[in-house]
K.L.:
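The structure under discussion is supplied below as structure tokens; questions concerning it will follow.
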Amino acid sequence: MNDRFGRPLEDLRITLTHACNFQCFFCHMEGEDGMENGLKKEDIILVAKVAKKIGIKSVKLTGGEPTLRRDLTEIIRGLKLLGYEDISMTTNGFLLKNLAFKLKEAGLDRINISLHAISRETFKKITGVDAFDKVIEGIKTAINAGLRPIKLNFVVNKRNISETFKFLDLAEKLGVDEVHLIELHPVGLGKKAFTEHDDLNAIEEQISRVAVKKEIRKKHFRPRYVLPSGLIVEVIKPYANPIFCAGCNRIRLSVDGKLKTCLYREDNVIDISDVFKSDFNEEVKEKLIEKAFMVAIAIREPNFKYKL
Ligand code: SAM
């Protein structure tokens with residue numbers, strides 16, 4: 001399904017909970033308000049079922065911290081049964097040491113782990129938690145469990161920018177497949193934290209000089225650099241970037257049951273929570289959710305548009 005800007009809808013990002021065991025000072029909370037525990041597993045699976053029917057190819061689980069959902073493996077199992085071939089999750093990695101193998105067994109294909117520091121001190125300054133060593137253990141276990149490609153997310157800001165290149169060294173040593181250097185977005189707590197924003201241009205320039213190859217990914221037209229070690233570095237710069245928006249193929253299911261068409265927009269949403277609360281049978285619910293997707297696709301638009 002293409003929206004009226006010709007952008008295909010291929011990826012469903014699901015916020016499983018707003019609960020989190022970290023307090024990252026810039027957290028965008030996926031552009032959602034409130035402190036909700038999340039939709040019921042059955043409602044999540046139903047939306048994913050309809051999404052698959054209309055052509056969505058991949059599902060990403062997020063939060064809050066998705067590993068805090070006790071029914072996480074059941075949700076993943078349900079998604080896999082729908083036939084999705086690309087189910088991924090973004091996590092802070094704190095609970096991965098115990099969970100990684102169970103998640104893989106349930107059907108999780110790959111994982112993004114947030115690691116915004118290379119030292120215990122910076123890690124605590126960013127997340128509010130002294131858990132650097134535990135997250136490193138989590139990353140190692142995820143590698144052993146085969147949740148590949150394993151990607152590390154590093155949100156660049158003034159507290160960690162000096163560690164960026166050492167972070168790439170650490171990623172190489174750990175043996176992960178890819179890192180995402182992410183520009184801080186002015187969304188959620190990120191609005192206040194935006195004083196610590198950096199545009200990543202200087203960092204990208206340095207990376208491009210040492211890279212052996214540059215590619216442009218279809219999703220968000222993100223630039224990807226292959227380092228001599230084979231590590232892939234993807235640079236994610238969405239802010240005020242119409243090219244990024246032009247390549248957006250994503251729709252979101254919020255924690256309180258809304259189809260959200262853009263991280264940045266609070267108005268462009270379709271509320272389907274009443275469908276879940278209703279007594280309609282599954283077939284009727286599916287039809288209503290499908291209609292909601294059609295409306296969401298119709299109103300979907302790039303947040304940043306090119307202007308002369
Ligand atoms: N708790 C999980 C985690 O830490 O990965 C999942 C939720 S978190 C909101 C999802 C991703 O968004 C993480 O990689 C996180 O670092 C990133 N993120 C959060 N706030 C951000 C911001 N203001 N700008 C850019 N990325 C942000």
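On a predicted model such as this, the values are computed, not experimentally measured, just so you know. One-based numbering, in listed order, for ligands and for the atoms of each. All values below come from the heavy atoms of this structure, side chains included, with hydrogens, waters and symmetry mates left out.
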K.L.:
Under 4.0 Å from any heavy atom of Asn153, which atoms of ligand 1 are there?
P.N.:
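So the answer, numbered in order with elements, is 14 (O).
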K.L.:
Step through it carefully: locate the ring centre of Tyr239, locate the ring centre of Phe304, and say whether they are under 6.0 Å apart.
P.N.:
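Close enough - the centres of the two rings lie under 6.0 Å apart.
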K.L.:
At under 4.0 Å between heavy atoms, which part of Thr90 makes contact with ligand 1: side chain, backbone, both or neither?
P.N.:
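The answer is both.
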K.L.:
Looking only at protein heavy atoms, which one is nearest to atom 23 (N) of ligand 1, and what is the separation?
P.N.:
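Looking only at protein heavy atoms, the one closest to atom 23 (N) of ligand 1 is Phe26 O, 2.7 Å.
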K.L.:
Side chains of Thr17 and Glu65: is there a donor and an acceptor less than 3.5 Å apart?
P.N.:
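The answer is no; no qualifying pair exists.
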K.L.:
Please report which non-hydrogen protein atom sits nearest to atom 26 (N) of ligand 1, along with the residue it belongs to and the distance in Å to one decimal place.
P.N.:
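So the nearest neighbour among protein heavy atoms is Val155 CG2, 3.4 Å.
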K.L.:
List ligand 1 atoms under 4.0 Å from Glu65, heavy atoms only on the residue side.
P.N.:
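Close to Glu65: 1 (N), 2 (C).
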K.L.:
If you measure from each heavy atom of His18 to ligand 1, is any distance below 4.0 Å?
P.N.:
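The answer is no, since His18 has no heavy atom less than 4.0 Å from ligand 1.
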K.L.:
Tell me which part of Ile113 gets within contact of ligand 1: side chain, backbone, both or neither, using heavy atoms under 4.0 Å.
P.N.:
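Near ligand 1, Ile113 shows nothing, with every heavy atom at 4.0 Å or more.
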K.L.:
Tell me, with the steps shown, if Leu174 and Lys140 meet side-chain contact (heavy atoms from CB on, under 4.5 Å).
P.N.:
CA-CA 7 Å; Leu174 286 167; Lys140 288 179 180 166; 4.0 Å; yes
K.L.:
Looking only at distance, does Thr62 have an N or O less than 3.5 Å from an N or O of ligand 1?
P.N.:
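No: no nitrogen or oxygen of Thr62 is under 3.5 Å from one in ligand 1.
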K.L.:
Using a strict 4.0 Å cut-off to heavy atoms of Asn92, name the atoms of ligand 1 that fall inside it.
P.N.:
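The list of qualifying atoms is 2 (C), 3 (C), 4 (O), 5 (O).
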K.L.:
Counting each atom of ligand 1 from 1 as listed, which ones have a heavy atom of Arg13 under 4.0 Å away?
P.N.:
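In order of number, 10 (C).
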K.L.:
I need the nearest protein heavy-atom contact for atom 10 (C) of ligand 1: residue, atom name and distance, please.
P.N.:
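Protein heavy atom with the smallest distance to atom 10 (C) of ligand 1: Glu30 OE2, 3.4 Å.
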K.L.:
Looking at atom 16 (O) of ligand 1, what's its closest protein heavy atom, distance included?
P.N.:
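Result: His116 CE1, 3.0 Å.
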K.L.:
Checking salt bridge (charged side-chain N to carboxylate O under 4.0 Å, His left out) against Glu178, which of Arg110, Arg222, Lys151, Arg148 comes through?
P.N.:
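Among Arg110, Arg222, Lys151, Arg148, the one that satisfies the salt bridge (charged side-chain N to carboxylate O under 4.0 Å, His left out) with Glu178 is Lys151.
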K.L.:
Heavy-atom contact under 4.0 Å between His180 and ligand 1?
P.N.:
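It does not; every heavy atom stays at 4.0 Å or beyond.
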K.L.:
Output the list of atoms in ligand 1 that are nearer than 4.0 Å to some heavy atom of Gly63, sorted by atom number.
P.N.:
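With Gly63 as reference, the close atoms of ligand 1 come out as 6 (C), 7 (C), 9 (C).
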K.L.:
Just need the protein heavy atom nearest to atom 17 (C) of ligand 1, so name the residue and atom and give the distance.
P.N.:
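Nearest protein contact, heavy atoms only, for atom 17 (C) of ligand 1 is His28 NE2, 3.9 Å.
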K.L.:
Under the salt bridge (Lys or Arg N to Asp or Glu O under 4.0 Å) criterion, do Lys277 and Asp274 qualify, and how do the steps go?
P.N.:
CA-CA 5 Å; Lys277 288 176 210 146; Asp274 280 346; 3.7 Å; yes
K.L.:
Please confirm whether Cys24 comes under 4.0 Å of ligand 1, counting heavy atoms of the residue only.
P.N.:
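No.
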K.L.:
Can you see whether Glu172 engages Ser229 through a side-chain donor-acceptor pair at a distance of less than 3.5 angstrom?
P.N.:
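Result is yes, a qualifying pair exists.
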K.L.:
Pick from Val187, Thr15, Leu253, Val255: which one makes a side-chain contact (heavy atoms from CB on, under 4.5 Å) with Glu30?
P.N.:
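Output: one option passes, namely Thr15.
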K.L.:
Please work out which of Cys20, Gly64, Ser114 has its closest non-hydrogen atom nearest to atom 6 (C) of ligand 1.
P.N.:
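Going through Cys20, Gly64, Ser114 one by one, Gly64 has the nearest heavy atom to atom 6 (C) of ligand 1.
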K.L.:
Give me the atom names and distance for the closest heavy-atom approach of Phe132 to Ala117.
P.N.:
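Taking every non-hydrogen atom into account, CE1-O, 3.3 Å.
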K.L.:
Should Ile182 be counted as touching ligand 1, given the test is an N or O pair under 3.5 Å?
P.N.:
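In this structure, Ile182 places no N or O atom under 3.5 Å from an N or O of ligand 1.
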K.L.:
Tell me, which protein residue and heavy-atom name are nearest atom 24 (N) of ligand 1, and how many Å apart are they?
P.N.:
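Nearest neighbour among protein heavy atoms for atom 24 (N) of ligand 1, to 0.1 Å: His185 N, 2.8 Å.
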K.L.:
I need the atoms of ligand 1 closer than 4.0 Å to a non-hydrogen atom of Glu183, numbered in the order shown.
P.N.:
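The atoms of ligand 1 under 4.0 Å from a heavy atom of Glu183 are 24 (N), 25 (C).
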K.L.:
Between the side chains of Asn112 and Lys60, is a donor N or O closer than 3.5 angstrom to an acceptor N or O?
P.N.:
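Yes, because at least one side-chain N or O of Asn112 sits under 3.5 Å from a partner of the opposite role on Lys60.
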K.L.:
Going from NE2 on His180 to CD1 on Ile113, what distance comes out if it is rounded to the nearest 0.5 angstrom?
P.N.:
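Output value for this atom pair is 12.5 Å.
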K.L.:
Side-chain heavy atoms under 4.5 angstrom apart, residues restricted to Ile, Leu, Val, Met, Phe, Trp, Tyr: same cluster for Val176 and Ile118?
P.N.:
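The answer is yes; both residues are in one hydrophobic cluster.
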K.L.:
For Asn201 and Lys237, does a side-chain donor sit closer than 3.5 Å to a side-chain acceptor?
P.N.:
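Their side chains do contain a donor-acceptor pair, which is all the 3.5 Å distance test asks for.
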